[in-house]
Amino acid sequence: MTHTPSLRTRFAPSPSGHLHVGGARTALFNWAFARGRGGKFILRIEDTDQKRSSDAASVGFLKDLKWLGIDWNEGPEFEGCGGGDFGSYFQSERLDMYNKFLEQLVQQGKAYYAFDTTAELDVERKESKSRNEAYRYDRSRADAISPEQVQAWLKEGKSAVIRFKTPAGAIAIHDEILGDATLPAGEVDDFVIRKADGFPTYHFAVVVDDELMGVTTVLRAQEHFNNTAKHVVLQDALGFRRPTYGHLPLIFNPDGSKMSKRDKDKLLRKTAQDKKLTAPPANTVDATRFSAWLGDKNSQLDFAEATAMATALNIELPEINVDDFRRSGYLPQVMCNFLALNGWGPGNDLEKFDNAFLCANFALDRVQKTAAKFDRVKLLAFNLDAIQKLPREAFSGLVKAHGEIYHPEFMKKITAAQFDLLVAASHERSKTLDELFRGNRWLALGDEELTWEKSKQVEKALLAGTPSGLDRLKELRGVLEAVATWTPAGIEESIRQWATTAGLAEQIGQIAQPLRVGVTGSTVSPPIFDTLAILGKSSSLRRIDRCLQDFATAKT
RNA sequence: GGCCUCAUCGUCUAGCCUGGCUUAGGACACCACCCUUUCAAGGUGGCUACAGGGGUUCAAAUCCCCUUGGGGUCACCA
């Protein structure tokens with residue numbers, strides 16, 4: 001057995017779905033803990049559940065981790081990360097190793113074959129439940145089967161699992177975050193260590209891998225706390241070393257529910273039900289799929305379906321996965337910072353820090369014991385702050401990269417000069433990178449495609465008062481046409497000059513709003529002189545013309 | 001329900017280990033006002049918490065016990 005003296009941590013996700021924020025924080029803490037102490041951070045893919053594993057998902061994980069700035073010394077090879085002497089780092093490729101130890105336990109009489117069917121066990125579980133008792137596997141039934149019978153059944157290929165013969169006695173767990181705990185005797189039953197399909201269960205694979213990979217410190221979510229007892233007894237039976245454990249508090253939704261991948265479907269389903277939909281909205285999914293999904297609380301739409309559904313129902317889906325936050329335009333360093341802050345803090349009222357600081361200062365004694373509710377509003381505030389502190393060049397580069405991935409058609413529609421103006425006008429006010437695109441759709445629209453919202457605000461800006469907004473617009477058109485230098489400052493100068501002569505110097509709003517609505521179709525946009533400058537002179541004039549025309553005919 | 005575990009503003013948290021420096025600090029949110037060309041952003045000010053009850057002590061948010069409340073877990077999922 002290879003002994004590695006230095007500190008080694010690991011992150012061991014199962015490749016189902018995307019990396020969500022809870023997993024990301026676990027990875028971040030393990031990474032920072034190792035990095036800050038000259039240790040190694042290992043990434044291992046726990047793909048022993050054949051039903052749930054998919055290659056695509058594990059690549060998604062790798063991409064997400066990279067984006068966050070979390071790199072791994074050992075693990076799957078991806079963009080310069082990974083490799084290592086303790087592979088494979090996919091559990092599905094380590095069956096020989098597990099089997100070796102499995103056999104050892106059976107031979108030593110520390111584990112045994114069991115032939116119960118799922119149906120039989122389900123009945124027992126239900127009975128336990130009805131008696132309000134915790135379910136424990138009854139070893140006596142397995143004991144009643146003679147060794148000869150076991151061999152005979154195995155020979156004829158009867159479906160069997162291997163269960164661990166959990167020793168009697170209380171089990172002590174030491175945890176660097178929660179302290180010591182003792183599970184009373186009988187709390188851990190003879191759990192399955194090899195499934196009927198020949199794959200080890202999570203418990204067994206974890207214990208073997210952590211030993212073989214020389215993992216010294218295990219930081220994982222608190223939901224694993226009870227599992228640790230199983231791992232400890234297995235380690236003892238196999239003569240393995242025991243890593244140091246630290247169980248991290250969970251991350252919850254603001255309403256206190258567990259943050260889950262299913263939250264998106266939950267919201268969609270609820271909205272569909274509230275709206276009493278019986279058929280799928282247009283351009284989403286077909287009717288069969290829709291009714292099946294609506295009726296089954298556990299079914300999930302894929303990303304494209306969910307997005308289409310959200311658009312059709314006019315709701316925003318909550319960000320759950322790291323990729324969702326990336327898509328929404330959060331900066332990776334902000335994600336790391338905020339994730340770390342949910343469950344850990346450096347003290348001294350310090351709450352903004354980078355990953356280097358985290359590595360240097362992360363320690364288990366400051367990890368919170370209680371679950372944190374994930375506050376997206378505070379995250380938004382952090383993101384805004386980070387964006388504002390970015391040099392203009394850096395911000396511009398990030399927006400460009402974001403736009404090219406998530407809004408390619410928008411990027412194609414505008415010129416480099418327009419882009420620069422838009423960035424300049426948006427830098428101080430953007431909470432996310434995506435906001436800049438979502439808030440300025442008017443810009444990506446062709447002059448002839450623009451339509452005007454039929455809303456109270458629009459009507460007020462254009463039709464109310466004497467003279468009305470439309471009347472102002474007619475006058476302003478001439479003013480704009482005469483502007484010599486079409487820049488924010490140049491436009492402002494001309495308009496202010498005209499405003500002064502028209503006695504409107506103090507009421508710029510009466511000018512700005514009709515203009516804004518005229519050229520964007522809505523009442524919200526960047527400051528008006530920026531808006532006009534970005535749009536360009538000919539587009540601005542054309543849109544004003546169309547607006548005047550549109551509302552002239554609308555009125556009659 | 002059994003077992004394990006946790007408990008400071010609405011939220012994330014500082015203080016707790018090593019009781020007095022705390023009329024409990026910061027941040028986000030919220031409220032008010034200011035600025036203002038919409039939405040934001042920005043500025044100023046304000047509101048808000050030691051779950052409850054017993055101990056120990058000259059002194060408790062800090063130590064102990066109970067209650068209450070929360071969470072985790074009880075799979076051939078990880």
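Just so it is clear, the values below take in all heavy atoms, side chains as well, and ignore hydrogens, waters and symmetry mates. Per chain, numbering begins at 1; letters A, B, ... match sequence-line order.
- Closest-nucleotide positions on RNA chain B for K258(A) and R194(A) were compared, and the one nearer the 5' end corresponds to K258(A).
- One interatomic measurement links the two molecules: CZ of R472(A) to P of U37(B), which rounds to 15 Å at whole-angstrom precision.
- Between Y135(A) atom OH and A75(B) atom P the separation is 7 Å, expressed in whole Å.
- When the nucleotides U37(B), A27(B), G72(B) are ranked by their closest atom to the side chain of N226(A), G72(B) comes out on top.
- Taking the side chain as every heavy atom from C-beta outward, Q91(A) and T48(A) approach each other to under 4.5 Å.
- Here G26(B) presents its P atom at 18 Å from CG of D385(A), a figure rounded to the nearest Å.
- For D349(A), whose side chain is taken as the heavy atoms from C-beta onward, the closest listed nucleotide among G25(B), G1(B), C12(B) is G25(B).
- Residue contacts shown for L178(A) are limited to sugar-phosphate atoms, with no base heavy atom under 4.0 Å away.
- Annotation: A27(B) and C17(B) have their P atoms spaced 26 Å apart (nearest Å).
- As judged by a 4.0 angstrom heavy-atom cut-off over every strand, A372(A) is placed among residues touching the sugar-phosphate backbone only.
- Aromatic rings from F191(A) and H203(A) are positioned such that their centres are separated by under 6.0 Å.
- Under a cut-off of 6.0 angstrom, the local environment of CD in E506(A) is sparse, with at most 12 non-hydrogen atoms contributed by other residues, nucleotides or ligands.
- Between L121(A) atom CG and C77(B) atom P there is a gap of 12 Å when expressed in whole angstrom units.
- We find that CD1 of I177(A) is positioned 17 Å from P of G72(B), with the value rounded to whole Å.
- Under the Watson-Crick and G-U wobble criteria, each requiring two contacts below 3.5 Å, nucleotide U73(B) is paired to G2(B).
- Distances shown here put a side-chain N or O of Q368(A) below 4.0 Å from the OP1 or OP2 atom of A14(B).
- With a cut-off of 3.5 Å on both pairing distances, A40(B) has no Watson-Crick or G-U wobble partner at all.
- No contact: L515(A) has no heavy atom under 4.0 Å from any strand.
- Here the side chain of N227(A) is nearest to one of A78(B), G72(B), C4(B), namely A78(B).
- A sub-4.0 Å separation between OP1 or OP2 of C77(B) and a side-chain N or O of K195(A) is present.
- The residue E351(A) sits close to a base: some heavy atom pair falls under 4.0 Å.
- Taking atom C1' on both nucleotides, U73(B) is separated from C64(B) by 28 Å, rounded to a whole Å.
- Heavy-atom contacts from other residues, nucleotides or ligands closer than 6.0 Å to CG of N348(A) number 12 or fewer.
- Counting any heavy atom pair closer than 4.0 Å across all strands shown, T48(A) reaches sugar-phosphate atoms only and no base atom.
- Taking only side-chain nitrogens and oxygens, R163(A) comes nearer than 4.0 Å to OP1 or OP2 of C76(B).
- Because its NZ or CZ atom is not both nearer than 6.0 Å to the ring centre of F225(A) and within 45° of the ring axis, K230(A) does not count as a cation-pi partner of that residue.
- When rounded to the nearest whole Å, the span between CG of N253(A) and C1' of C12(B) equals 15 Å.
- Among the protein residues, G343(A) comes within range of the sugar-phosphate backbone only, with heavy atoms under 4.0 Å from sugar or phosphate atoms but none that close to a base.
- With hydrogens and angles ignored, a donor-acceptor pair closer than 3.5 Å exists between the side chain of K378(A) and the base of A27(B).
- Residue contacts for K129(A): at a heavy-atom cut-off of 4.0 Å it reaches no nucleic acid atom on any strand shown.
- Distance check on atom P: G10(B) versus A49(B) gives 7 Å, rounded to whole Å.
- As judged by a 4.0 angstrom heavy-atom cut-off over every strand, K431(A) is placed among residues touching the sugar-phosphate backbone only.
- For the pair R366(A) and A14(B), the criterion of a side-chain N or O lying under 4.0 Å from OP1 or OP2 is met.
- C50(B): no Watson-Crick or G-U partner with both key distances under 3.5 Å is found in any strand.
- Distance noted for atom C1' between G42(B) and U36(B): 10 Å (whole Å).
- Spacing of C1' atoms, C58(B) relative to C74(B), comes out at 49 Å, to the nearest Å.
- Within 4.0 Å (heavy atoms only), F529(A) reaches at least one base atom of the nucleic acid.
- Aromatic ring centres of F362(A) and W344(A): separated by under 6.0 Å.
- Put simply, the side chain of R429(A) and the base of A40(B) share a donor and an acceptor less than 3.5 Å apart.
- Between R125(A) and C76(B) there is a side-chain polar atom (N or O) within less than 4.0 angstrom of OP1 or OP2.
- For E493(A), the CD atom sits in a loose shell: 12 or fewer heavy atoms of surrounding residues, nucleotides or ligands are nearer than 6.0 Å.
- Across all strands shown, nothing is found opposite C21(B) as a Watson-Crick or G-U wobble partner with both distances under 3.5 Å.
- U44(B) and C6(B): their P atoms are spaced 41 Å apart (whole Å).
- At the heavy-atom level, Q388(A) lies under 4.0 Å from the strands shown only through sugar-phosphate atoms.
- Using modelled atom types and a 3.5 Å distance limit, the side chains of R94(A) and S88(A) yield no donor-acceptor pair.
- Residue V377(A) is in sugar-phosphate contact alone, with no base atom involved, counting any heavy-atom pair closer than 4.0 Å across all strands shown.
- Considering only side-chain N and O atoms, T201(A) lies nowhere under 4.0 angstrom from the phosphate OP1 or OP2 of C77(B).
- In the set A78(B), U37(B), G10(B), A78(B) carries the atom at the smallest distance from any side-chain atom of Y202(A).
- Spacing between atom CD of E187(A) and atom P of C3(B) amounts to 7 Å, rounded to whole angstrom units.
- Sequence order on RNA chain B of the closest nucleotides to R496(A) and K352(A) puts K352(A) first from the 5' end.
- The side chain of K369(A) places no N or O atom within less than 4.0 Å of a non-bridging phosphate oxygen (OP1 or OP2) of U5(B).
- The P atoms of U68(B) and A60(B) are separated by 26 Å, rounded to the nearest whole Å.
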Begin with the C-alpha distance, continue with both residues' side-chain angles, and end with the deciding distance and a verdict on ring-ring contact (aromatic ring centres under 6.0 Å, His included) for F164(A) and Y112(A). CA-CA 7 Å; F164(A) 180 65; Y112(A) 58 89; 9.2 Å; no

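- Within 6.0 Å of the CG atom in N314(A), the count of heavy atoms belonging to other residues, nucleotides or ligands does not exceed 12.
- Atom NE2 in H247(A) sits roughly 12 Å away from atom P in U73(B) (whole-Å rounding).
- Rounded to the nearest Å, the gap between the P atom of C16(B) and that of U62(B) is 12 Å.
- Among the protein residues, P526(A) comes within range of the nucleic acid bases, having at least one heavy atom under 4.0 Å from a base atom.
- Here D116(A) lies in heavy-atom contact (under 4.0 Å) with a base.
- If you check C31(B) for Watson-Crick or wobble pairing at under 3.5 angstrom, you find it paired to G45(B).
- When heavy atoms are screened at a 4.0 angstrom cut-off, I528(A) is found touching base atoms of the nucleic acid.
- Nearest to the side chain of L384(A), among G15(B), G42(B), A78(B), sits G42(B).
- In this model, the phosphate group of U11(B) is approached by a side-chain N or O of K373(A) to a distance below 4.0 Å at OP1 or OP2.
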